[in-house]
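Worksheet: one structure, shown below.
Note on naming: letters A, B, ... go to the chains in the order of the sequence lines (proteins, then strands), and numbering restarts at 1 for each one.
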Number of protein chains: 2
Amino acid sequence: MFAPRCPSREVFAELVDKWSMLILMTLSSCGPQRFSELQRAVGGVSRKMLTQSLRNLERSGLVRRTVFPETPPRVVYDLLPLGRELAELVEPLGRWTERRAEQMMAAREEFDAAHAEG
Amino acid sequence: MFAPRCPSREVFAELVDKWSMLILMTLSSCGPQRFSELQRAVGGVSRKMLTQSLRNLERSGLVRRTVFPETPPRVVYDLLPLGRELAELVEPLGRWTERRAEQMMAAREEFDAAHAEG
DNA sequence: AGACTTGGTCTATATTGGAGACCGCCAGAC
DNA sequence: GTCTGGCGGTCTCCAATATAGACCAAGTCT
């Protein structure tokens, strides 16, 4: 994974992504979701990036996309076993970030203050 | 973390990054490293991105930067407790990716083949 | 008829990433 | 004395990527 052109690096680089991780966490904690539900849940994601990230996750076998041919169209996304595995590793990361966010923000302010005198 | 302008989202978006994660994993498994060692270890990283990622990690209190005023200069980076915590969550992710990389590559080929007829 | 909904795609612009040149500093070679 | 080289960056330029926002088809409701 530390080699630039290795498959695992390639896969890693695409999974380690803000939107993909938030999508995985949402699907994991809220169950199957349709496109617009995901867009609401993952605040700030554009339709383009949501589509792109979901396609990636689908392509790599982490997520399943199911289309119900109704009008208006209904498309539901849910986790496949592989995606559930990954989600279980990503969730602790999310919880840790929320737990430590304030501490890190404080560290930043301190750092910025110390480097402002320049 | 699911809200766009929340501190935890901001922090999350910066930590969830290819280079930062590879740096954390390297420092965790290889111990303190100097700049050029890190650049060799993290294959494909440019000096610019390495500097930028390290600054970010330093600013948020995950990594410590120590300068030895010699010539040629020597700068050593190592994990602070906060960084060690995060590294312990990131490592399983890395191991999982390596374990599942082939499976995901196979899924991709299948997906691409299925969608080529269009 | 006209407005509204869903799950996208397309386009234009802003942001970001990577490649490679440049820098100061000193040691050792010539 | 000058020339070269290593270290740890920074700077500049160009390509790739992200975001914002318009547009779309098809059917439903008013």
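For residues 12-31 of chain B, the pairs satisfying salt bridge (charged side-chain N to carboxylate O under 4.0 Å, His left out) are A:Arg108-B:Glu14, with sequence neighbours left out. Among residue pairs with one or both ends in residues 34-88 of chain B, none qualify as ring pair (Phe, Tyr, Trp, His ring centres under 6.0 Å); sequence neighbours excluded.
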Please set out all donor-acceptor pairs under 3.5 angstrom arising from side-chain atoms of residues 78-90 of chain A, sequence neighbours excluded.
unit_1, atom_1, unit_2, atom_2, d
A:Asp78, OD1, A:Arg64, NE, 3.2
A:Asp78, OD2, A:Arg64, NH2, 2.7
A:Arg84, NH2, A:Leu79, O, 2.8
A:Glu85, OE1, B:Trp96, NE1, 2.6
A:Glu85, OE1, B:Arg100, NE, 3.0
A:Glu85, OE1, B:Arg100, NH2, 3.2
A:Glu85, OE2, B:Arg100, NH2, 2.6

Distance-only donor-acceptor pairs under 3.5 Å for side chains of residues 2-12 of chain A, two or more places apart:
unit_1, atom_1, unit_2, atom_2, d
A:Ser8, OG, A:Met1, N, 3.4
A:Arg9, NE, A:Met1, O, 3.0
A:Arg9, NH1, B:Gly43, O, 3.3
A:Arg9, NH2, B:Gly43, O, 2.8

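Along DNA chain C, the stretch of nucleotides lying under 4.0 Å from any heavy atom of chain A spans, 5' to 3', C:dT5 to C:dT9. For DNA chain D, the outermost nucleotides in 5' to 3' order that have an atom under 4.0 Å from a heavy atom of chain A are D:dA18 to D:dT28.
Residue-level contact check: A:Gln52 touches the backbone only, with heavy atoms under 4.0 Å from sugar-phosphate atoms and none from bases. Among the heavy atoms of the strands, none lies under 4.0 Å from A:Glu37. Among the protein residues, A:Phe68 comes within range of no part of the nucleic acid, since none of its heavy atoms lies under 4.0 Å from any strand.
Side chain of B:Glu102 to main chain of B:Arg99: no donor-acceptor pair is present (N/O by atom type, distance under 3.5 Å, no hydrogens or angles). Judged by distance alone, with hydrogens and angles left aside, the side-chain atoms of A:Glu109 form no donor-acceptor pair with the main-chain N or O of A:Ala106 at under 3.5 Å.
Residue-to-nucleotide proximity on DNA chain D shows that, of B:Arg74 and A:Lys48, the 5′-proximal contact is made by B:Arg74. Summary of the strand contacts: A:Val45 and A:Pro73 both lie near DNA chain D, and taking for each the nucleotide with the nearest heavy atom, the more 5' one is attributed to A:Val45.
Going from atom CD1 of A:Ile23 over to atom CG of A:Leu50 covers 5.0 Å, rounded to the nearest 0.5 Å.
Here the closest heavy-atom approach between residue A:Ser53 and residue A:Ser20 is recorded as CB-OG, 4.0 Å.
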